[in-house]
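Data first, discussion second: the structure below is written as structure tokens.
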Amino acid sequence: MDDTPVKDLTEKEAARALAQLAMDITFHNARYHGEDDPAISDAAFDALVRRNEAIETRFPHLIRKDSPSRQVGAKASSKFAKVQHRVRMLSLGNAFNEEDVTEFLARIRRFLKADEDTQIALMAEPKIDGLSISLRYEDGALVQAATRGDGSEGEDVTANIRTIEEIPQTLVGDVPAVCEIRGEIYMSKADFTALNERQIAEEKSAFANPRNAAAGSLRQLDPSITASRPLKFFAYAWGDMSALPFAAHSEALEWLENLGFPTNPLSKRCNSVADLLSVYKHIEIVRGELEYDIDGVVYKVDDLALQDRLGFVAKAPRWAIAHKFPAEKAITVLLGIDIQVGRTGALTPVAKLEPVTVGGVVVSNATLHNEDEIARKDVRIGDHVRIQRAGDVIPQVIEPLLEKRPKGAQPFEYPTHCPVCGSEAVREDGEVVRRCTGGLICNAQVVERLKHFVSRRAFDIEGLGSKHIAAFHEDGLVQSPADIFRIKVQRGALDGKEGWGDQSIDNLISAIEERRTIALDRFLFGLGIRHVGEVTARDLAKAFETLGAIEDIARSEGGAEALSDVDGIGTVVAEAIVAFFHEPQNRAVVDDLRSELTIEPYKNEQTGSTFEGQTLVFTGSLEQLSRAEAKSQAEKLGAKVSGSVSSKTSLVIAGPGAGSKLKKAEELGVEVIDEEEWIRRTAGSLN
Ligand code: IVH
């Protein structure tokens, strides 16, 4: 590769270089993807791609039609190997005020049946604004580092992590054979400023904030780039461990520190809500002087045995919460209000703003929630508005500044028809949202459903982002989700399309083929059934294991009731599922997909307990355990908990005051035990 600095190239040289790079990159791409026989290292390949990018940034008018930067999915450089986390990487629930923190602790007490006099120790520590990482050590040696990804599957960034000085390559001493150490990778504020100055000097784009800079630096295919970026680390958690050499979070932090991991010096042990709040206030005061960005304080129950009893709800632990710092605010002008149509037809107003920096990020869109909010706040186009942005939450419009209202500004008239298909948009009783009634005749809904289908948490097809799927829909190539799996028979339709070359089409097709086999929960989530998010999709998959079973139940008489028996599924959700599977258009979409795909049944974890696969019912009051803890124990043992007794019930646990359910169990001859007996039977198998 010619290594004349990009800034010294003449226009002629740049054009020649781009032509050469287009040829070289195409060639190496083919060797890498097509023939699986790369001729150069990933690092050398990346260097080519980067040089191409740099020249194009400087001479945008020279960008070639066949430029590698225009080839979708051709970037071998966007490939990191996937890593399955052996222990899921969870996120945290949020608290925004003192009340939320009080409720967090009250909830813990209720779950544990612990009264006010029982002291529950907690740790308070800064919430570092970086990206989480899991470091796997085997026999003391660092063997793998993975990003969080979706919590179950992350990306292998081992080579890059090895360049970070603060992370030990080996653990010295008597450590468990397997140790997964987790924590946050971040960039200090000073290093971020210096990096951006360098980027600008080199005519590269600047990063919006230290977190983006850290993420961008870690996700480099060329580890030598990561090495040139000063990344740091704080350890605060762990995943898969062959043994636990500590019994409390505070002890874990000490243990980590002794092994040479940086731990945060502001972490403190607390004994009450008042203690937690005083640590919060202290951290909030010193926040500005810290070398790194933080966006709140995390509270964690200290005792690991209690953590274990408390367990998890959906994707976050019951034993921890993030107390966020208040949002940052700014004032700007409302230029317009766009009405977007979502995949369920919901109309959402989006504020178009004069770009303004809020807490280090440039904001030009903000949510206005819904039509009632616009009316309540009386926000008018042309107004100066106060907006706020909190951490990772979408920016919001708080209020207009009335004293600055331009003359003649009119109240906003919310549309009564879909701005995309023109169908009537209606608000059902008790709903705040107005919805387009066009269903699948509404292009916006069709496209949004397709985008959802291919999104990261659903089918996650590499190289097929929302822009591509929208273009494919517009071209008539993809009308319904199953069409994606027929693209390969229509590849001729892609040939010659702008941005698509032979190689990128091949890449796309192989990425699609990889997803022809799909896990049931991802599939269900991908369908975009109203109210069925990732967690509900997983609950459904867990409870019914196959798509056929879910369809059968949804179409059977009393389907909604049976569905709402499943833990985590309420009546509204159950009704939405039933409605979805009754609608002929949806049935056709599902059947069409079934003919293209292999949908893997959900494999419930084998716990080896005698309760595995059983359906249990708790009734009456429990004295030692809270209802929530009893239920969580049953689930840990692989049992399902149901709210009603039927012939499918395996066991009823009845306490004082049990009534009709106990009677029904007796009539049906279902075994009934009391709380004492439940505790005795489960004692050995919990933990
Ligand atoms: S504990 C099971 N502690 O916050 C709980 N997380 O919103 C695991 N984070 O994904 C997280 N500082 O990336 C924990 N002291 C801290 C943290 C922290 C930052 C991040 C982490 C996590 C996210 C959750």
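All residue numbers in this chain count up from 1 along the given sequence.
Residues Val446 and Leu450 form a side-chain contact, since some pair of their non-hydrogen atoms from C-beta on lies under 4.5 Å apart. In this structure, the side chains of Phe580 and Val590 come closer than 4.5 Å at one or more pairs of heavy atoms. With contacts defined as side-chain heavy-atom distances shorter than 4.5 Å, the pair Val385/Lys377 does not qualify. For the pair Gln410/Arg380, no side-chain contact is recorded, criterion being any heavy-atom separation below 4.5 Å from C-beta on. You'll find the side chain of Val447 reaches within 4.5 Å of the side chain of Lys451, heavy atoms only. Between Leu218 and Ile133, some side-chain heavy-atom pair lies under the 4.5 Å cut-off. Between Leu593 and Phe453 there is a side-chain heavy-atom pair separated by less than 4.5 Å. At a threshold of 4.5 Å between non-hydrogen side-chain atoms, the residues Gln445 and Leu440 do not count as touching.
Between Asp295 and Arg211, none of the side-chain N atoms (NZ, or NE/NH1/NH2) sits under 4.0 Å from a carboxylate O, so this pair counts as no salt bridge. No salt bridge links Asp539 with Lys542; every basic N to acidic carboxylate O contact stays at or beyond 4.0 Å. Salt-bridge formation is not detected for the pair Lys324/Asp100: no Lys NZ or Arg NE/NH1/NH2 atom is positioned less than 4.0 Å from an Asp or Glu carboxylate oxygen. Between Arg491 and Asp502, at least one side-chain N (NZ, or NE/NH1/NH2) sits under 4.0 Å from a carboxylate O, which counts as a salt bridge. A salt bridge does not link Lys82 to Glu462: none of the charged nitrogens lies less than 4.0 Å from a carboxylate oxygen.
The nearest pair of heavy atoms linking Leu353 to Asn365 is CD1-C, 4.1 Å. The shortest heavy-atom contact between His85 and Gly154 is NE2-N, 3.6 Å.
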Go through Leu131 and Arg219 one step at a time and tell me if the side-chain contact (heavy atoms from CB on, under 4.5 Å) criterion holds. CA-CA 11 Å; Leu131 56 145; Arg219 294 188 80 265; 5.7 Å; no
Could you walk me through whether Cys436 and Cys421 pass the side-chain contact (heavy atoms from CB on, under 4.5 Å) test, one step at a time? CA-CA 8 Å; Cys436 159; Cys421 73; 3.6 Å; yes
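A side-chain donor-acceptor contact under 3.5 Å links Asp483 to the backbone of Gln479. Looking only at distances, no side-chain donor or acceptor of Thr517 sits under 3.5 Å from a matching main-chain atom of Thr598. Side-chain N or O atoms of Arg555 include one that pairs as donor or acceptor with a backbone N or O of Phe581 at under 3.5 Å. Within the 3.5 Å criterion, the main-chain N or O of Glu354 finds a donor-acceptor partner in the side chain of Thr332. Although no hydrogens or angles enter the test, the distance criterion places no donor-acceptor pair under 3.5 Å between the side chain of His384 and the main chain of Ile331.
With sequence neighbours excluded, the residues forming a side chain to side chain donor-acceptor pair (under 3.5 Å) with Arg376 are Glu373, listed by chain and number.
For residues 505-558, the set of pairs meeting the ring pair (Phe, Tyr, Trp, His ring centres under 6.0 Å) definition, not counting sequence neighbours, comprises His452-Phe525.
Here the straight-line distance linking atom CD1 of Ile550 with atom OH of Tyr602 works out to 11.5 Å at 0.5 Å rounding.
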